4 protein chains.
Amino acid sequence: MAVTNKENGAETRTAGNGRAALRKAETRARIKAAARAVFAEKGYEKANVSDIVRAIGMAQGTFYYHFQDKKSILMEMLNEYFDQFRAVMSDWMQSEDAAPDVTYIFARRVAVLLYENKDLTHIIMQEAHNADEDVRRLIHGFNRFFYEQVRSGLDLGVALGLVRPMDTRLAAVALVGMIREVVANRTRSGEDIDIEHLIRELAELQNHGIRLRPGAGNNF
Amino acid sequence: MAVTNKENGAETRTAGNGRAALRKAETRARIKAAARAVFAEKGYEKANVSDIVRAIGMAQGTFYYHFQDKKSILMEMLNEYFDQFRAVMSDWMQSEDAAPDVTYIFARRVAVLLYENKDLTHIIMQEAHNADEDVRRLIHGFNRFFYEQVRSGLDLGVALGLVRPMDTRLAAVALVGMIREVVANRTRSGEDIDIEHLIRELAELQNHGIRLRPGAGNNF
Amino acid sequence: MAVTNKENGAETRTAGNGRAALRKAETRARIKAAARAVFAEKGYEKANVSDIVRAIGMAQGTFYYHFQDKKSILMEMLNEYFDQFRAVMSDWMQSEDAAPDVTYIFARRVAVLLYENKDLTHIIMQEAHNADEDVRRLIHGFNRFFYEQVRSGLDLGVALGLVRPMDTRLAAVALVGMIREVVANRTRSGEDIDIEHLIRELAELQNHGIRLRPGAGNNF
Amino acid sequence: MAVTNKENGAETRTAGNGRAALRKAETRARIKAAARAVFAEKGYEKANVSDIVRAIGMAQGTFYYHFQDKKSILMEMLNEYFDQFRAVMSDWMQSEDAAPDVTYIFARRVAVLLYENKDLTHIIMQEAHNADEDVRRLIHGFNRFFYEQVRSGLDLGVALGLVRPMDTRLAAVALVGMIREVVANRTRSGEDIDIEHLIRELAELQNHGIRLRPGAGNNF
DNA sequence: TATGAATGAGTATTCATTCAT
DNA sequence: CATGAATGAATACTCATTCAT
């Protein structure tokens, strides 16, 4: 019965094959992990399928047993990450938290998310201009979503009198860029980073900018 | 026997043949311009030499008469841009301008520079992770320089009491990211942009962040 | 430990397991039927083992439990058909039927045989030039037999004064080609055909050609 | 200027490059000739591009400089042959020759055409079921044309009282099959053939069938 | 200087086949 | 008997680069 399940990683299998299905899912996962690392390091175009499978000692055919083609593993990888990202974001939005340190909490959450998925953060930045229409669309869609989330957070802040009136659409892009560049820059080298420090500094920048405010304590 | 000038873009050494040398320089320039556009659109890896020459109705061999290889045109392109960038920056640094609106002026200058060279801005963002060591090094060197410039500006501001004390190294990266993401985002679509508005908003963000400052006018 | 029976289609040697053996034979037959259809439709080269097993909801490994390899199923299929064909032919030859309508009866029998096995007729026509030596030899052997049968029929006819003297070897090939092309052409579309009409026309053609015979009725 | 001319073999070149263009055309022709032989021998699917270029000591890339892909060389080859075939046929039809030996002349012309292009005759018979829609359509279109030509010849014969009334559509297919099978059979071995004898026999068969006609001389 | 035909190493992908379960 | 995951050799096609003219 079992049809090809190249399209998705879900258990499309008929029941009773727990052992095999598990093995298969594991193989898929291993390939995906290897691909993530290779894509992040060499870029999608330069990365060879042979690089990916060699990294885990597998035959090239195995890759194609599990994935339709090179593009589909990238798409799947991105889609999963985006779903996870969206989930975290909407969790936060639902909480409608308007505590004074809301922006700090937000910056922290985003920075951690980007940081913990540095490989994907790099891939997204690299492949934003990918020649393939589908890939580009996917990433642009994600970016749009990201910007919109931040923007609606800012809009809320404005409504609550916490944020000054501004072009929130533009500001959202700028804030995302701030975090991205920092994460990309700090993870490029591979050295470990004091993420708490990083987040505190970013939040302060984002909240108050660089200017010395006469008579301002260290508040965020 | 005339010396090949594939290596660098300098004026051809064979003096006295002004006509020919000029022609040649023009051809080089045309190729370089075409390459810039193609690289920006498709990315360096996906861009073919044939794409470049087709864009200007030239034979493929001609490309190799003027440039060593595909990589060297990218390197040369980047190097030239970086030189220009450095010149503008050091001009500005020399002026040691410490007027209160110094940051606005700075942001403006940088944004304009990035915006006027959006193709190169895109290329640099894409190729930051380029598989080729030389290319990567070149871009990272540029980035380091860029960050350092901003950082020393911030340090100066701190010394002058205009900027609050902070991790200026980190802040520099963040500020660069802000501008880059905005420029990349706003030029992606190709629609024209109100750059003055963009700069004003960016400067305000950078100076004062997003928080509502009690009793603050629109000052920058 | 049971002996593999991949080599030939004979009844399994492990006696006493009638149930299992039957099951197995059935599976073999199902695979063979599926293969016949797939080969006819896509051609042997383009047909994949996966196409065959998918058509009957079977795992790919099962194919290789029953058949040595892709080639062997083709060979077996052809051999069986050829045996059946030979049986029908020699039946007919034995009867030494020399009735005046002998050629009509013959044409009918052959046409029906080709028509009822149109899949195999197509496969044989396609694979006559198959790259594989064994396959080619098998088909050529069959063709030779086919031609020879027809030829000896013609020779008999000549001896009996029913058929005019001619190059019977050449004529045999021509007559076979006539039937084949018609069957191939008429079954290509899948539409049902008036086989009686087809046979009558073919027999007439074969007997009397296209020329108007002065004062000839519709005789065959 | 010169755009890629992979699509057709015509001189798409700008003027003044007679030497190079000639060379190119020759290379194209050599590749096409090699491809014809290889396709005829191994069949289109089994034939490798590497087989083709190896046969003439060329690099594989050269093939792709001259032809879009493997399929396009087959299509081009067939199209050219079909055009030539159509030209010969319509020449003949125009002459409206109604001499008593018209059918003989016709059979001769067709047989010679098929025989002189035995490679293509084989390819057409093999690839009639090719998996590729375009190829199949092309060949079926040719076959339809071929049948139609013969059929209209027969219809004319009927009108002139030279041919007996019959299902001319069916008869056309049968006559084509007769010639094809004979040509295919006689060229398979590679031995040279007495084509005059072959044609005479075929014409006789086609005109009068196999039956002994009481009181008939050797007339055609 | 410029051309474009020719090159060949490199890459994604397919598919018959094997084998552990 | 049956399964389906894994294999790896084979192949069409691409593209940076060379070179004779």
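From a predicted model like this one, the values you see are computed outputs, not experimental measurements. A note on names: the letters A, B, ... follow the listed sequences, proteins ahead of strands, and every chain is numbered from 1. Atom set for the values below is all heavy atoms of this structure, side chains included, hydrogens, waters and symmetry mates excluded.
The distance from atom CE of B/Met77 to atom CG of B/Asp119, rounded to the nearest 0.5 Å, is 8.5 Å.
For CD of B/Glu41, the number of neighbouring non-hydrogen atoms (other residues, nucleotides, ligands) closer than 6.0 Å is 12 at most. The environment of NZ in A/Lys46 is sparse: at most 12 heavy-atom neighbours from other residues, nucleotides or ligands sit within 6.0 Å.
Judged by distance alone, the side chain of C/Asp51 and the main-chain N or O of C/Asn48 form a donor-acceptor pair under 3.5 Å.
Note: CD (D/Glu45) to P (F/dA12) measures 10 Å, nearest angstrom. The distance from atom CZ of A/Arg28 to atom P of F/dG4 is 17 Å, rounded to the nearest whole Å. When rounded to the nearest whole Å, the span between NZ of C/Lys42 and P of E/dT14 equals 12 Å. Taking atom CZ of C/Phe67 as the reference point, atom P of F/dC1 lies 13 Å away to the nearest angstrom. At whole-Å resolution of the value, OH in B/Tyr65 and C1' in F/dT17 are 17 Å apart. Distance D/Gln68 CD to F/dA12 P: 16 Å, rounded to the nearest Å. Per the geometry, CG belonging to B/Asp69 stands 5 Å off P belonging to F/dT17, to the nearest Å. One can place CG of D/Leu22 at 16 Å from C1' of F/dA20, the figure rounded to the nearest angstrom.
Of the residues near DNA chain F, D/Phe63 and A/Thr62, the one whose nearest nucleotide (by heavy atom distance) lies more toward the 5' end is A/Thr62. The residue among D/Ala47 and D/Arg23 whose nearest nucleotide of DNA chain F is located toward the 5' end is D/Ala47.
When the nucleotides E/dT17, E/dT1, E/dA6 are ranked by their closest atom to the side chain of D/His66, E/dA6 comes out on top.
Within residues 48-60 of chain A, the residues that have a heavy atom under 4.0 Å from DNA chain E are, in order of number, A/Asn48, A/Val49, A/Gln60.
Salt bridge C/Arg28/C/Glu76: present, at least one basic N to carboxylate O contact under 4.0 Å. Between A/Glu80 and A/Arg36, no side-chain nitrogen of the basic residue sits less than 4.0 Å from a carboxylate oxygen of the acidic one, so the salt-bridge criterion is not met. A salt bridge links A/Glu133 with A/Arg136: the distance from a Lys NZ or Arg NE/NH1/NH2 to an Asp or Glu carboxylate oxygen falls below 4.0 Å.
A close approach under 4.0 Å does occur between a side-chain nitrogen or oxygen of A/Tyr64 and OP1 or OP2 of E/dT13. Of the side-chain N and O atoms in A/Thr27, one or more sit less than 4.0 angstrom from OP1 or OP2 of F/dA6. The side chain of D/Lys70 places an N or O atom within less than 4.0 Å of a non-bridging phosphate oxygen (OP1 or OP2) of F/dA12.
Seen from the ring of D/Tyr44, D/Lys70 counts as a face-on cation partner, given the 6.0 Å and 45° thresholds.
Taking all atoms of both residues into account, the shortest heavy-atom contact from D/Ala40 to D/Gln126 is O-OE1, 3.6 Å.
Counting only Watson-Crick and G-U wobble pairs whose two key distances fall under 3.5 Å, DNA chain F forms stems of three or more stacked pairs at E:2-21 with F:2-21.
On the P atoms, F/dT21 is 22 Å away from E/dT1, given to the nearest whole Å.
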